[in-house]
Protein chains: 2
Amino acid sequence: MKATMKDVAALAEVGVGTVSRVINGVKVKDKTYEKVMRAIEELDYKPDEYARGLKTNRSNTIALILPTIWHPFFAEFAYHIEERLSRKGYRLFLCNADGSAEKENEYIEMVKQSKVDGIIGITYSDIDKYISSDLPFVSIDRHFSEQISYVTADNYLGGQIAAQELIDRGCRNLCYIGGVSPFPNETNNRKAGYYNVCKENGIPVKVLDMVEPIQELEQQLEPFLKNNPEIDGIFSVNDFMALDVIGVMKKLGRKAPDDYQIIGFDGVKLSKERDYLISTIVQPIEEMARASVDTMMAMILKKEEPKRVVIPVSFYQGETTKEKNR
Amino acid sequence: MKATMKDVAALAEVGVGTVSRVINGVKVKDKTYEKVMRAIEELDYKPDEYARGLKTNRSNTIALILPTIWHPFFAEFAYHIEERLSRKGYRLFLCNADGSAEKENEYIEMVKQSKVDGIIGITYSDIDKYISSDLPFVSIDRHFSEQISYVTADNYLGGQIAAQELIDRGCRNLCYIGGVSPFPNETNNRKAGYYNVCKENGIPVKVLDMVEPIQELEQQLEPFLKNNPEIDGIFSVNDFMALDVIGVMKKLGRKAPDDYQIIGFDGVKLSKERDYLISTIVQPIEEMARASVDTMMAMILKKEEPKRVVIPVSFYQGETTKEKNR
DNA sequence: GTGAAAGCGCTAACAA
DNA sequence: TTGTTAGCGCTTTCAC
């Protein structure tokens, strides 16, 4: 039988209010504290979070809504979020929206009645309408309105860096390969930053923008790459896309970094111990997770206003670009 | 202001008990049902899970304890677990134990007072001592005692298949590359199955077993591979290890599948859409997740006895083994 | 500094 | 079939 606060109070010969005070770190007489702690120990008492939550309307739980945990970028993000939350005594609800706006909203609804203290979300649909303003919400990589906090990597800067690094390595015919989503998102900024630096340097830049969700990727990629053999530098919207491009190029008998150079985006790693897969613009995922949790905590604990956090990115020299000449 | 059951009862002009019945699907008069539903709609009423949990001692929440979500195998597993649980109206607590027995136990403790309905765990320490027998627990890939359910892939079979496939492809000097953990686990069976098939066929088999946690992997791998140049077939304990072996072999100027052949284990994919990385023994992760959730549900809902589930594995022909001659 | 008591929103037993 | 009511285990006034 699980011990309750009443049992503890009885054994320690105090009132339940006093036990509650001890649990919550409210000052009591040293002697009383001792007695209560001994009783807690003896009975292996653990406060019931549900009874507590019913009273206080707090749950020490954050919901994390992701497109899918089955992707190294989101998995790493979730890893860091969990790590920081657990350090602060918070639990994590994991929610895979699975690319469906419907499931995103279902989760929002579910999570509301689950009494979570806040939501951290990488979401693609128009979620802001469903967020009540009193539930702290931190959006990753997506800017809604002034009412909603967001944390994002500096995508525009990333595009700029990618262009500059390719140019510095001798590329003179650049291209961008990405997708267009029905929902506005930050990846457009990657393209814009890239494009502008190309223009400033008078470098021609071709663009392949595929409509998402992307069907028959290879059938779109192959003719584009075949018809534009002059391309010697590629920036792709993310690392996975870059892997696909590399695969198609291999079929065409071209190999990076000798025959062309390519830079991805994200800085995906298969696990903590493994390295980046290719040359890429690295998003500092751990920092983003830290910023998200800090922002969340500020909103929950100090009732602070929503914040906007933009975090710089950096270039990682992998095996798909040449060493830079100095 | 959030609506409570009392508000709904008042608006519908019924008692709270009736509202509760409607919510819980207990039969009431059609007319009454209508009235209550209209009031629920009108007030946008959502039952408070905490009040409900306090009363019923159920939470509709399962804890998933993993070494780390930041690994494609665990991420895929978590993905499928979440998917199936959410379909059944359950929520998922994500817990990264991070390779520490301490953190595993902390989570067990935390989760107990969080009133989860059950725990699904891929754990490495001696967790069984801390599991009270009344909390449903499903262990993945690890067999504790008769009191505890487990779901595992058929690791022994996987080892056998790996040996047979290598032999069928003309390999005559095999080796196994893996690690030894201080905690007993199922990977030993992979090795045993492999080893036995080699013996039965009179094929010599070298073994490199590194002590976990593995330090300076390359410094152990390189001399072993260099000193045993006759090796033409390798089975490694998992896909990541295989990638490391492939990396070192590349340095030594040897390439799969022409210079040697290698088979991994796990069937890791970077994401749902992407393919397996190498030739490998595929664990049917989705099936394992399904079996785990089904077992959990049977224990929670029907109070069934613990179960033992072993699921077959299969070979995937990737680019690190030759086509089989027929 | 501490105990007594009200009540958070719900379920389930009981009575009608 | 339905309404009334007693708590689930805790926090938090309010007196003392």
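A, B, ... follow the sequence lines: proteins, then strands. Residue 1 opens every chain. Note that the structure is a prediction, hence the values are computed from the model and not measured.
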Checklist line | Contacts of type ring pair (Phe, Tyr, Trp, His ring centres under 6.0 Å), residue A:Tyr79, not counting sequence neighbours | finding: B:Trp70

Item checked: For A:Asp154, all residues meeting side-chain hydrogen bond (donor to acceptor under 3.5 Å, both in side chains), sequence neighbours excluded -> none

Item checked: Protein proximity profile, nucleotides 8-16 of chain D - base contact B, sugar-phosphate-only contact S, no contact -, cut-off 4.0 Å on heavy atoms -> BBBBBB---

Notebook entry, point to check: Does anything in residues 51-68 of chain B pair up under salt bridge (Lys or Arg N to Asp or Glu O under 4.0 Å), and if so which pairs, sequence neighbours excluded?
Noted result: B:Glu49-B:Arg52

Item checked: By side-chain contact (heavy atoms from CB on, under 4.5 Å) - contacts of B:Glu41 (at least two apart) -> none

Next item on the list: Write out all pairs satisfying salt bridge (Lys or Arg N to Asp or Glu O under 4.0 Å) with one or both partners inside residues 25-38 of chain A, taking only residues at least two apart or from two chains.
Entry: none

